[in-house]
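Have a look at the structure below, then the notes.
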Amino acid sequence: MPPPPTKSAPNPPLLPLASFHSPRALPPTLLHCLSPEKRPRRLSSAALSAAASTSFSADPSAELRALCSHGQLAQALWLLESSAEPPDEDAYVALFRLCEWRRAMEPGLRACAHADDRHAWFGLRLGNAMLSMLVRLGETWHAWRVFAKMPERDVFSWNVMVGGYGKAGLLEEALDLYHRMMWAGVRPDVYTFPCVLRSCGGVPDWRMGREEMHGLAVKRGFATDVAFCNSLIQMYVSLGMMGQARTVFSRMDARDAMSWTAMISGYEKNGFPDKALEVYALMEVNNVSPDDITIASALAACACLGCLDVGVKLHELAESKGFMSYIVVANALLEMYAKSKHIDKAIEVFKCMPEKDVVSWSSMIAGFCFNHRNFEALYYFRHMLADVKPNSVTFIAALAACAATGALRGGKEIHAHVLRCGIGSEGYLPNALIDMYVKCGQTGYAWAQFCAHGAKDVVSWNTMLAGFVAHGHGDTALSFFNQMVKTGECPDEVTFVALLCACSRGGMVNEGWELFYSMTETYSIVPNLKHYACMVDLLSRVGQLTEAYNFINEMPITPDAAVWGALLNGCRIHRHVELGELAAKYVLELEPNDAGYHVLLCDLYADAGRWDKLARMRKTMRDKGLDHDSGCSWVEVKGVVHAFLTDDESHPQIREIKTVLEGIYERMKASGCAAVESHSPEDKEVSKDDIFCGHSERLAVAFGLINTAPGTPVSVTKNQYTCQSCHGILKMISNIVRRDIIVRDSKQLHHFKDGSCTCGDKGYG
DNA sequence: TTAGGGTTAG
């Protein structure tokens with residue numbers, strides 16, 4: 001006897017065709033197939049004696065049918081299990097249909113076991129009703145057992161099984177069953193095609209779906225059936241063949257809301273959200289009324305595009321049609337608001353939802369991350385745990401929030417939670433864990449996670465590669481890339497962004513050119529704006545400013561602000577005011593309200609001693625309202641993330657923080673550290689003002705030093721780039737206090753240790 | 001005399 005299946009049991013291999021009709025190969029009774037938690041509860045002895053003393057009507061089968069027709073499931077089940085004789089086939093069928101309609105798992109399985117025990121289910125109608133119910137309840141395995149035992153099967157039985165296996169994601173098995181059906185000489189009907197096509201889209205050999213199914217449907221005269229065409233569209237959608245989907249759609253004589261929705265969601269899922277909205281507009285023009293699923297699909301397209309105006313109209317429409325109580329619509333709506341940078345509106349929708357599922361919570365957590373409100377993401381994550389069980393998508397979003405704030409302890413807790421749930425290798429979770437460890441400055445943990453990840457993909461390699469680059473291990477990054485290629489992993493655009501970045505940080509010009517050319521010549525990857533920006537950065541940082549400028553002018557695509565910004569940064573490092581001003585002209589044309597680029601130009605003037613121009617630039621910033629410093633740093637202490645703003649005096653421990661900074665200043669003076677570069681033109685020594693400049697990273701570092709154990713590293717995350725003065729001071733602090741200080745800023749990761757930084761001071765001319 | 005097609009989050 002095979003072991004009783006459990007919920008996680010793999011799909012049983014299909015028996016050889018011949019065994020279907022061989023009594024010797026029949027599986028044990030259905031009751032024995034049920035997993036322990038699925039076994040029906042027997043009636044207690046008290047209930048049995050009560051049943052024995054109950055007077056039944058003359059026709060229990062009629063009574064059972066009547067109870068089912070009135071929806072009285074509990075009483076019907078009781079009657080079934082109390083009667084001495086099994087009811088007739090009609091009564092069983094009525095009970096199975098009621099269980100199917102109610103999605104009543106346990107009563108359904110009990111009724112199945114009852115029929116099975118009494119060998120009363122051999123009729124075709126009864127078997128079919130059983131199959132239909134089991135498939136609808138998601139009990140494909142049990143459906144298979146019933147199907148295998150049925151002495152007679154019709155096209156309905158086969159359709160239910162083929163469709164059921166497809167729904168359960170067992171696509172190969174579904175297609176196998178379809179072929180067996182054909183071999184068995186069963187003639188497919190109009191229902192067969194949608195059942196099979198569901199699985200054709202998910203298997204590599206899609207030609208079977210297109211050629212065999214389509215041809216057969218045409219031959220049988222089903223090609224005009226709306227459900228068949230919709231299934232065909234869906235098959236092409238899942239194969240990413242939107243052209244063919246469009247052809248089927250345009251040739252349809254009649255289309256219903258499902259046809260339109262399949263096209264809308266198809267375009268959205270295949271990366272054409274704009275086309276999805278075009279189809280939606282066309283649907284309106286054709287006066288086809290959208291239903292809840294259409295609206296959810298169109299909202300998903302709006303979310304992709306950040307298209308608020310159409311999204312708001314869909315919101316109004318959903319309200320007018322009374323769809324707001326549908327969780328799918330509400331979820332799609334809050335996602336749309338979050339992605340359109342209206343997170344407060346998303347919160348409003350979320351709070352109005354009478355019921356929230358794992359998608360609602362995960363969307364909110366990811367939405368907060370998308371809107372740079374990572375603390376709220378973590379707050380929602382903690383609250384969710386009391387309400388809904390998180391899944392891999394939730395954990396990925398929460399890990400992103402930890403990564404963004406450098407919340408290592410929080411990230412580790414989530415890692416432990418993931419392992420406890422046994423989903424550590426599910427979906428993108430392994431890569432999200434690598435990313436979290438990388439961004440929290442823990443390359444060692446990231447590496448361990450990378451090595452433990454059994455199914456590495458290009459994203460795993462890229463994430464780890466980016467980790468080496470961020471930590472200043474340029475040589476390791478290049479050898480890691482070689483290892484990646486040797487293992488057969490094909491690099492993509494992201495890989496080359498990381499590699500060129502490594503070259504730029506390490507001043508490896510020749511390697512950079514070689515990699516840049518290899519993109520097109522070896523890997524057929526067309527360089528994008530990010531790659532060009534990296535190359536400009538590489539050339540500019542090493543002082544090849546004219547080459548960088550010429551390189552920009554020869555670009556086959558129009559340079560963006562990042563490309564010109566890289567040149568501006570190079571000009572700042574090498575104090576080339578004229579070329580810097582030219583780069584700044586382009587940058588500020590493209591990004592006129594970006595405070596960061598204005599600051600970069602100010603720094604260029606300050607470093608070059610052009611105080612008149614600096615004053616004018618600062619005035620321009622004031623006039624534009626860009627002079628407000630919104631610098632913010634975070635540090636995690638004992639699992640709690642503390643945030644500090646520039647000149648922040650609000651923290652309860654601010655006096656201790658200042659005392660620590662003052663102490664450091666005294667020790668700097670005593671140890672003769674006086675050669676810090678200052679922005680002040682007259683003073684070239686470290687002054688008290690330098691120490692108390694109010695920059696958020698210093699406050700966060702001081703707070704971390706106070707509140708963590710001696711000898712342990714302090715890890716800080718900052719939303720802007722670390723200024724030259726802070727960089728110099730932090731190097732000194734790491735030396736004085738003999739602690740590792742890790743600062744991840746908006747540009748790179750700095751690991752300060754014994755008075756030096758892993759960035760090699762590149763970028764701090 | 002039952003059944004098939006479009007569904008939100010990374």
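First the proteins, then the strands, lettered A, B, ... as listed; each starts at 1. Every heavy atom of this structure was used, including side-chain atoms; hydrogens, water molecules and symmetry mates were not. In this text, all values refer to a predicted model and were calculated from it rather than measured experimentally.
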(message) Could you check whether W158(A) and Y178(A) have their ring centres less than 6.0 Å apart?
(response) no

(message) Could you tell me how far apart F350(A) (CZ) and dA9(B) (C1') are, to the nearest whole angstrom?
(response) 12 Å

(request) Report yes if the ring of F156(A) lies under 5.5 Å from the six-membered base ring of dT2(B) with planes under 30°, and no otherwise. (result) yes

(request) With a 4.0 Å heavy-atom cut-off, tell me which residues in residues 325-349 of chain A come close to DNA chain B, sorted by residue number. (result) I327(A), V328(A), N331(A), E335(A), K339(A)

(message) For Y445(A), give me all partners under ring pair (Phe, Tyr, Trp, His ring centres under 6.0 Å), at least two apart in sequence or on another chain.
(response) Y437(A)

(request) Classify the nucleic acid contact of S392(A) as base, sugar-phosphate or nothing, counting any heavy atom under 4.0 Å across all strands shown. (result) base

(message) Please pick, from dG4(B), dT7(B), dG10(B), the nucleotide with the shortest atom-to-atom distance to any side-chain atom of V393(A).
(response) dG10(B)

(request) Round to a whole Å and report the spacing from CZ of F368(A) to P of dA9(B). (result) 18 Å

(message) Within the 4.0 Å heavy-atom criterion, would you say R255(A) contacts the bases, only the backbone, or no part of the nucleic acid?
(response) nothing

(request) Look at all strands and tell whether V135(A) reaches a base, only sugar-phosphate, or nothing, counting heavy atoms closer than 4.0 Å. (result) nothing

(request) Check every strand shown and say whether T192(A) touches a base, only sugar-phosphate, or nothing at a heavy-atom separation below 4.0 Å. (result) nothing

(request) Record whether the side chain of D225(A) comes under 3.5 Å of the base of dG5(B) through a donor-acceptor pair of N or O atoms. (result) no

(request) Report the distance from atom CE of M235(A) to atom P of dG4(B), rounded to the nearest whole Å. (result) 20 Å

(message) Could you tell me how far apart F147(A) (CZ) and dA3(B) (C1') are, to the nearest whole angstrom?
(response) 14 Å

(message) Is it the case that the base of dG4(B) and the side chain of D189(A) share a donor-acceptor contact (distance under 3.5 Å, atom types as modelled)?
(response) no

(request) Would you classify G427(A) as touching base, sugar-phosphate or nothing, given that sugar-phosphate means primed atoms plus P, OP1 and OP2, and contacts are heavy atoms under 4.0 Å? (result) base

(message) Ignoring hydrogens and geometry beyond distance, is the side chain of N128(A) in donor-acceptor contact with the base of dA3(B) at under 3.5 Å?
(response) no

(message) Is S297(A) close enough to dG6(B) that one of its side-chain N or O atoms is under 4.0 Å from OP1 or OP2 there?
(response) no

(message) I need the CG-P distance between D457(A) and dG10(B), as an integer number of Å.
(response) 17 Å

(request) Give a yes or no answer on whether the side chain of N270(A) reaches the backbone of G266(A) with a donor-acceptor pair at less than 3.5 Å. (result) yes

(request) Quick one: label V226(A) by what it contacts on the DNA or RNA (base, sugar-phosphate, nothing), any heavy atom closer than 4.0 Å. (result) base

(message) So for D291(A) and dG6(B), does any side-chain atom that can act as donor or acceptor lie under 3.5 Å from a complementary atom in the base?
(response) yes

(request) Would you indicate which nucleotide in dG10(B), dG4(B), dA3(B) comes nearest to any side-chain atom of A366(A)? (result) dG10(B)

(request) Would you confirm whether D189(A), through its side chain, and T192(A), through its main-chain N or O, come within 3.5 Å as a donor-acceptor pair? (result) yes

(request) Report the distance from atom CG of N431(A) to atom C1' of dG10(B), rounded to the nearest whole Å. (result) 11 Å

(request) May I ask you to check whether N331(A) and S363(A) show a side-chain donor-acceptor distance below 3.5 Å? (result) no

(request) Using a strict 4.0 Å threshold on nitrogen-to-oxygen distance, state whether D344(A) and R373(A) make a salt bridge. (result) yes

(request) Report yes if a donor N or O on one partner sits less than 3.5 Å from an acceptor N or O on the other, where the partners are the side chain of T261(A) and the base of dG6(B); otherwise report no. (result) yes

(message) Considering every strand and a 4.0 Å limit on heavy-atom distances, what is the contact class for K269(A): base, sugar-phosphate, or nothing?
(response) sugar-phosphate

(message) Tell me if a side-chain donor or acceptor on H342(A) pairs with a main-chain N or O of A338(A) at a distance below 3.5 Å.
(response) no

(request) From the options dT7(B), dG4(B), dT8(B), select the nucleotide whose nearest atom is closest to the side chain of V359(A). (result) dT8(B)

(message) Considering only residues two or more places apart or on different chains, which pairs with a residue in residues 251-308 of chain A satisfy ring pair (Phe, Tyr, Trp, His ring centres under 6.0 Å)?
(response) F249(A)-W260(A)

(message) Check this for me: does any side-chain nitrogen of one of K313(A) and D309(A) sit under 4.0 Å from a carboxylate oxygen of the other?
(response) no

(request) Give the rounded distance in Å between these two atoms: CE of M353(A) and P of dA9(B). (result) 13 Å

(request) Return the nearest nucleotide to the side chain of S362(A); candidates are dG10(B), dG6(B), dA9(B). (result) dA9(B)

(request) Give a yes/no answer on whether the side chain of R136(A) brings an N or O atom under 4.0 Å of OP1 or OP2 in dG4(B). (result) yes

(request) Quickly work out the W260(A) CH2 to dG6(B) C1' distance and round it to whole Å. (result) 14 Å

